[in-house]
Amino acid sequence: MTEPSFEFSRAITRRPAASITDGLRAVDVGSPDHAQMLADHAHYVATLKSTGAEVIELAPLEEFPDSVFVEDAALCLPQGAVVMRPGAPSRLGEAAEMAITLRDMYDDVLEINSPGFIEGGDILVTGREILVGRSARTDAAGVAQLARIVADWGHTLREVFTPPGVLHFKTDCSLLDAETILATKRLDASGCFDGYRVLHVADGEEAAANSIRFNQLVIMPSGFPRTAGMLSDNGFEVVEINNSECAKVDGGMSCLSLRF
Ligand code: CIR
């Protein structure tokens, strides 16, 4: 089934909790500044809205430091929503919170159940299929459950592999249009995008790969001028958003919203 893959009328976001200072991170380079993160988040939400989309802005959840990264808690498709089962124990409860919101919006809300684990950051929906990267957070049982759910909705799911040491599949890639992927060279080298047109982020700008195409815009973290220039040269309308604080807890542009 081919889906519109970057045209969205709605998005869900959650304001960063002050407890984001306790957010998970692979390497400790200091805690995020909450005030700066709030300002960046407001810029992000305003940018989503500037495309004409409605943004459902959820209240902060102090008990879940990483809950600003709503993408990991669910997958939203035209046919229904799937509540994920995060592989990070401290994030498991976020999914139940998101389920409450999704049940107000969708008739069909299904859940990934024990023993499977899967986080939304490992899922890339393209114009032709759903790619899911197994990672330290997403396992074979979780992928298999999701494959059964989306097959009933007419989608093809393909299991791929997030490179070792990379948090999520989408840490290293984004969809730019139905056939075009922005990716790091290390992820593209795995062959998972064979048959797609792939644009590489510039060497040394790997963190730019976690961008999003949202309606007419490509929303990317600021500070990656060669990749931004390359995208502009390829005809994309780029908006850059400061990501310094989210980056300290391994977050980027895709993690901050559910888009549908
Ligand atoms: C975590 O480690 O789970 C968070 N600190 C960052 C989650 C980023 N989410 C994403 O890439 N989809």
Side-chain angles (χ1 to χ4, degrees), residues 11-34 37 40-41 44 48 58 60-76 82-95 97-98 112 117-125 130-139 142-143 146 160-175 181-184 186-187 201 206-214 219-221 241 243-260:
I12 297 173
T13 61
R14 186 182 294 286
R15 272 192 298 285
S19 61
I20 187 63
T21 48
D22 295 325
L24 298 173
R25 64 207 77 174
V27 178
D28 195 0
V29 292
S31 282
D33 179 286
H34 186 233
M37 198 189 259
D40 298 337
H41 195 261
Y44 180 89
L48 297 179
L58 303 178
L61 290 174
E62 292 296 341
E63 61 273 47
F64 298 111
D66 285 299
S67 55
V68 64
F69 302 122
V70 286
E71 172 181 72
D72 295 318
L75 173 66
C76 294
V82 186
V83 180
M84 297 290 123
R85 188 159 180 269
S90 67
R91 303 198 61 191
L92 264 175
E94 293 174 34
E97 294 285 345
M98 188 55 71
I112 303 294
F117 289 108
I118 183 163
E119 295 191 357
D122 281 314
I123 305 173
L124 182 74
V125 181
I130 299 176
L131 293 167
V132 186
R134 270 168 61 180
S135 71
R137 304 283 184 87
T138 293
D139 65 11
V143 178
L146 184 63
V160 290
F161 292 88
T162 301
V166 175
L167 175 59
H168 287 128
F169 188 65
K170 277 187 292 187
T171 304
D172 268 29
C173 68
S174 337
L175 190 79
I181 310 271
L182 175 69
T184 60
R186 69 184 166 202
L187 181 58
V201 298
E206 282 69 22
N210 188 272
S211 295
I212 54 169
R213 176 75 192 269
F214 190 82
I219 304 174
M220 64 176 290
I241 295 187
N243 193 51
S244 58
E245 306 316 297
C246 283
K248 291 174 185 168
V249 283
D250 304 335
M253 294 296 116
S254 75
C255 332
L256 294 171
S257 57
L258 283 165
R259 304 163 291 279
F260 51 105

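Whatever order the structure lists them in is the order used to number ligands and atoms, beginning at 1.
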request  = Give the C-alpha distance, both sets of side-chain angles, the deciding distance and a yes or no for side-chain contact (heavy atoms from CB on, under 4.5 Å) between Phe69 and Arg91.
outcome  = CA-CA 10 Å; Phe69 302 122; Arg91 303 198 61 191; 3.5 Å; yes
ask   = Do NZ/NE/NH1/NH2 and the carboxylate oxygens of Glu97 and Arg14 come within less than 4.0 Å?
value =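 No, this pair does not count.
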query = Is the closest basic N to carboxylate O distance between Asp172 and Arg186 below 4.0 Å?
reply =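 Salt bridge: yes.
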inquiry  = Check contact between Arg25 and ligand 1, using heavy atoms of the residue and a distance below 4.0 angstrom.
reply    =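 Flag not set, Arg25 not near ligand 1.
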key: Lys170 touching ligand 1 at heavy-atom level, < 4.0 angstrom   =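 No, Lys170 has no heavy atom closer than 4.0 Å to ligand 1.
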task = Using a 4.0 Å heavy-atom cut-off, say whether Arg91 meets ligand 1 through its side chain, its backbone, both or neither.
result =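 Side chain only; the backbone of Arg91 stays clear of ligand 1.
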Part of Arg137 within contact of ligand 1 (heavy atoms, under 4.0 Å) =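 For Arg137, only side-chain atoms sit under 4.0 Å from ligand 1.
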Under 4.5 Å between any side-chain heavy atoms of [X] and [Y], yes or no?
| X | Y | result |
| --- | --- | --- |
| Thr138 | Val143 | yes |
| His168 | Thr162 | no |
| Arg259 | Ser254 | yes |

Arg15 side, atom CZ; Leu256 side, atom CG - distance, nearest 0.5 Å =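 Rounded to the nearest 0.5 Å, the CZ-CG separation comes to 13.5 Å.
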Where is the nearest protein heavy atom to [atom]: which residue, which atom, and how far?
| atom | value |
| --- | --- |
| atom 4 (C) of ligand 1 | Asp66 OD1, 3.3 Å |
| atom 6 (C) of ligand 1 | Val249 O, 3.2 Å |
| atom 10 (C) of ligand 1 | Cys255 SG, 2.8 Å |

request  = Answer yes or no for Arg134 and Phe161: cation-pi contact, defined as NZ/CZ to six-membered ring centre under 6.0 Å and angle to ring axis within 45°.
outcome  =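 No; the conditions do not both hold, so Arg134 does not lie above the ring face of Phe161.
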query = Which of the atoms of ligand 1 are close to Glu71, meaning less than 4.0 Å from one of its heavy atoms?
reply =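 Per the distance check, 12 (N).
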message = I'd like to check which ligand 1 atoms, numbered from 1 as shown, lie under 4.0 Å from a non-hydrogen atom of His168.
response =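 Reading through ligand 1 atom by atom, the close ones are 9 (N), 10 (C), 11 (O), 12 (N).
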request  = Please say whether Leu24 places an N or O atom under 3.5 Å from an N or O atom belonging to ligand 1.
outcome  =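 Yes; at least one N/O pair falls below 3.5 Å.
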ask   = Based purely on interatomic distance, does Asp72 place a nitrogen or oxygen under 3.5 Å from a nitrogen or oxygen of ligand 1?
value =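 Between Asp72 and ligand 1, an N or O pair is found under 3.5 Å apart.
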